[in-house]
Protein chains: 2
Amino acid sequence: MDRQRTDKNGETSAQGRPTLKTLAFMTGLGVTTVSRALKDAPEIGAETRRRVQLVAKQIGYRPNRAGVRLRTGRTNVISLVLNTDREIMSFVSDIIYGVSEVLAETPYHLIVTPYSRSQDPMEPIRYLVETGSADGVIISRTQPNDPRARYMLEHGMPFATHGRTDMGLVHPYHDFDNHVFAMEAVRRLASMGRHKLALLSPPPGLTYYGHTLNGFADALSEVGASEIPFNTVSIDHTIEQIRTRTAQLMRRENRPDGFVSSAAAATLAIVAGIEDAGLKLGRDVDVVSKQSSDLLHLFRPELLVVNENFRLAGSDLARSVLGWIGGAAPGSLQRLVATSEVQAFSPPVSV
Amino acid sequence: MDRQRTDKNGETSAQGRPTLKTLAFMTGLGVTTVSRALKDAPEIGAETRRRVQLVAKQIGYRPNRAGVRLRTGRTNVISLVLNTDREIMSFVSDIIYGVSEVLAETPYHLIVTPYSRSQDPMEPIRYLVETGSADGVIISRTQPNDPRARYMLEHGMPFATHGRTDMGLVHPYHDFDNHVFAMEAVRRLASMGRHKLALLSPPPGLTYYGHTLNGFADALSEVGASEIPFNTVSIDHTIEQIRTRTAQLMRRENRPDGFVSSAAAATLAIVAGIEDAGLKLGRDVDVVSKQSSDLLHLFRPELLVVNENFRLAGSDLARSVLGWIGGAAPGSLQRLVATSEVQAFSPPVSV
DNA sequence: ATGGCAATCTGTAACGTTTCAGTATATTGA
DNA sequence: TCAATATACTGAAACGTTACAGATTGCCAT
């Protein structure tokens with residue numbers, strides 16, 4: 001197991017990985033001096049500092065994470081907390097890449113802390129805070145009154161949320177403007193002559209559920225369109241459930257002629273349901289959908305899409321947590337990204 | 001910053017998180033005894049053991065990771081190494097969930113170590129080994145002669161690969177039988193009367209590229225079909241590139257009447273290319289595709305699919321690494337999963 | 001009684017780092 | 001010249017854990 005353990009107490013040149021002691025021996029200085037020289041402490045002579053840093057670079061010195069962590073309590077870890085059964089697929093990969101890309105230039109590692117259907121969402125948070133397993137946390141599926149945010153705020157754990165909260169607490173967030181998304185979607189559908197619209201919403205409970213609903217309602221009254229209720233399912237339901245419900249809805253007399261969908265996978269199901277009912281996309285009904293990767297236009301060119309960039313969300317969230325850890329004001333680390341325009345891929349069919 | 005620091009040297013009841021010292025004080029034992037009692041060491045009296053464990057549970061003692069890591073060198077970390085620009089989207093989320101679900105019942109944390117296009121794939125591996133940042137590693141995009149596997153083997157770092165190597169070294173792996181996949185795909189197409197087949201392969205260089213190619217070739221000769229070369233693109237190319245090349249191919253005189261595709265997203269592009277060329281899926285050409293989530297049948301019901309379960313791969317890989325760390329023989333931790341049957345969603349159209 | 005031996009328990013040191021409280025030397029001000 | 005002070009460095013202690021090398025006790029065979 002332990003490969004080489006030649007060194008006794010610092011005099012004999014150490015094997016294995018170099019430590020401060022190794023550097024101290026090589027430079028003839030004390031470990032304290034070396035430690036401070038490496039972090040540019042002011043009370044170290046300019047030449048000594050340079051010398052130490054040179055040697056450190058030469059032999060590839062890297063501070064031992066466990067040593068630092070034990071001594072300082074800093075873990076150099078950011079934890080991304082994910083729901084393992086409800087999270088959108090592309091969300092996971094894109095956000096991880098976004099976070100990674102920011103952390104890559106720092107000493108921080110990314111740990112993924114999962115929780116599942118069966119668990120209380122608070123559990124992973126409590127674990128992280130109680131065990132001090134991370135210096136900062138990123139959470140998603142944010143709720144208006146989010147106990148996780150409150151808890152972390154109370155316990156001094158820096159964090160950032162994907163989506164906003166609404167309880168008067170200030171913390172970093174990254175959010176996509178789903179209010180505007182829903183409004184633009186409705187406006188676009190209205191401009192195509194669609195006036196009986198259904199919304200496949202985010203799961204009730206999450207903050208952006210409200211944003212989406214409000215945007216939808218606001219635009220409906222703005223353009224004078226009406227809503228066909230479709231609230232027995234949300235994007236959290238299975239493909240099959242959404243497909244079935246859509247088909248049922250489309251067979252009713254008072255069926256919608258337009259859909260707004262908050263997620264790409266759900267949109268596949270909606271379209272399938274529409275076609276199950278014998279109707280045709282672009283002729284009988286139009287659909288505006290959010291998507292996070294550029295695939296929906298391959299599925300059906302008649303689909304109208306708005307892009308949400310999860311990779312950007314990831315890097316933004318990572319920067320925010322690091323910022324908070326670094327002492328920035330949490331209120332200055334909030335970002336609401338505007339939605340892009342609704343995009344079409346095939347010329348509109350006149351109704 | 002430091003919240004409470006009442007305790008001086010163990011006599012005064014400690015604040016903050018309980019440590020062995022806290023337990024020692026509460027039970028009236030020495031820290032050594034407490035430490036051993038918690039890990040069921042044989043030289044501890046049965047009653048003492050129970051007593052210590054009871055108190056530990058009551059006050060919610062959790063060993064300090066930094067302490068353990070510094071002392072023992074064990075990190076209790078498994079690292080998943082991912083390519084941030086070539087990895088399949090669903091692969092990332094599913095495999096993370098699979099790994100997580102296994103690690104959840106252990107003290108292990110999952111850290112994601114990314115590398116990008118611009119980097120040498122060896123770099124993250126060297127980092128992990130040199131800094132001892134993980135007790136075990138999971139890699140994907142495995143090559144027949146994989147320098148990462150060789151390096152980790154040489155340096156005693158337990159690991160598992162998604163996909164096999166082919167250099168006579170023995171290590172745990174999880175692999176999907178792409179040879180059989182390609183054969184079954186070809187057989188299915190042949191049974192539908194398709195005899196001029198094109199293969200959209202994995203990227204050359206990866207081990208399963210060879211497996212897929214061989215299976216494809218073997219089945220071609222078995223059923224007496226012929227290959228239409230389509231090797232200017234692989235599933236690593238962009239959607240647009242695949243789409244364009246497919247359209248070009250389908251406009252040629254000697255065009256394929258069947259495709260075998262190694263990835264779902266690429267299949268979307270193939271179908272788009274087919275339709276760009278004015279041809280119809282199921283009538284002019286059939287496509288068999290691998291998929292990892294059940295979405296392709298929504299895209300075009302004529303598609304034929306074979307499912308590959310990445311979540312299973314993840315949990316399997318995690319179990320393998322843990323097994324190796326735990327002392328199991330690496331050769332006993334290898335698994336080749338059979339492909340499911342080729343599935344159809346719409347009745348075949350006679351040609 | 002005495003030596004030997006299990007059975008239990010314990011103190012000390014060490015892992016690598018940072019911080020505290022210095023020490024030694026040179027420099028300054030009067 | 002002498003104290004005061006700044007500059008550059010240092011040892012010891014501590015973070016929480018485990019391993020090593022004992023120490024204490026009771027019991028048994030002699």
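Every chain is numbered from 1 and lettered A, B, ... according to where its sequence line falls, protein lines coming before strand lines.
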Separation of atom CG in B:Leu38 from atom C1' in C:dC9, rounded to whole Å: 15 Å

Side chain of A:Thr48 (C-beta onward), nearest among C:dT10, C:dT17, D:dC9: D:dC9

Gap between atoms CZ and C1', on A:Arg17 and C:dT17 respectively (whole Å): 12 Å

A:Arg65 (side chain) donor-acceptor with A:Pro107 (main chain) under 3.5 angstrom: yes

Between C:dT10 (C1') and B:Arg36 (CZ): distance, integer Å: 10 Å

Per A:Thr72 side chain, nearest of listed nucleotides D:dT17, C:dC9, C:dT18: C:dT18

Closest nucleotide among D:dC9, C:dG16, D:dT18 to the A:Leu70 side chain: C:dG16

Proximity to the side chain of B:Tyr61 - top-ranked nucleotide from D:dT10, D:dT17, C:dG16: D:dT17

Any side-chain heavy-atom pair of A:Ile325 and A:Tyr108 under 4.5 Å: yes

d(CZ, B:Arg50; P, C:dT8) in whole Å: 12 Å

Length of the CZ-C1' vector between B:Arg65 and C:dC15, whole Å: 17 Å

Where B:Pro147 and B:Asn145 come nearest, the two heavy atoms and their spacing: CD-O, 3.2 Å

Non-hydrogen atoms of A:Leu38 and A:Ala56 that approach each other most closely: CD2-CB, 3.7 Å

A:Arg62 CZ to C:dC15 P, straight-line distance once rounded to whole Å: 22 Å

A:Thr32, nearest nucleotide to its side chain (from C:dT17, C:dC20, D:dT18): C:dC20

Residue closer to the 5' end of DNA chain D, A:Val31 versus A:Glu43 (nearest nucleotide): A:Glu43

Euclidean distance, atom CG of residue B:Leu29 to atom C1' of D:dT18 [Å, nearest integer]: 17 Å

Presence of A:Lys21 side-chain N/O under 4.0 Å of C:dG16 phosphate oxygens OP1/OP2: no

Nucleotide C:dT18, atom P - distance to CG of A:Asn76 in whole Å: 10 Å

Residue whose nearest DNA chain C nucleotide is more 5′ - A:Leu20 or B:Val34: B:Val34

Touch class at under 4.0 angstrom, heavy-atom based, for B:Gly67 against every strand present: base

Phosphate contact (C:dT10 OP1 or OP2) by B:Thr33 side-chain N/O below 4.0 Å: yes

Nearest-nucleotide pick for A:Asn64, side chain only, options being D:dT18, C:dC9, C:dG16: C:dG16

Note: B:Arg17-A:Glu130 ion pair, threshold 4.0 Å (strictly below): no

Selection from C:dG16, C:dT10, D:dT17 that lies nearest to any side-chain heavy atom of A:Arg71: C:dG16

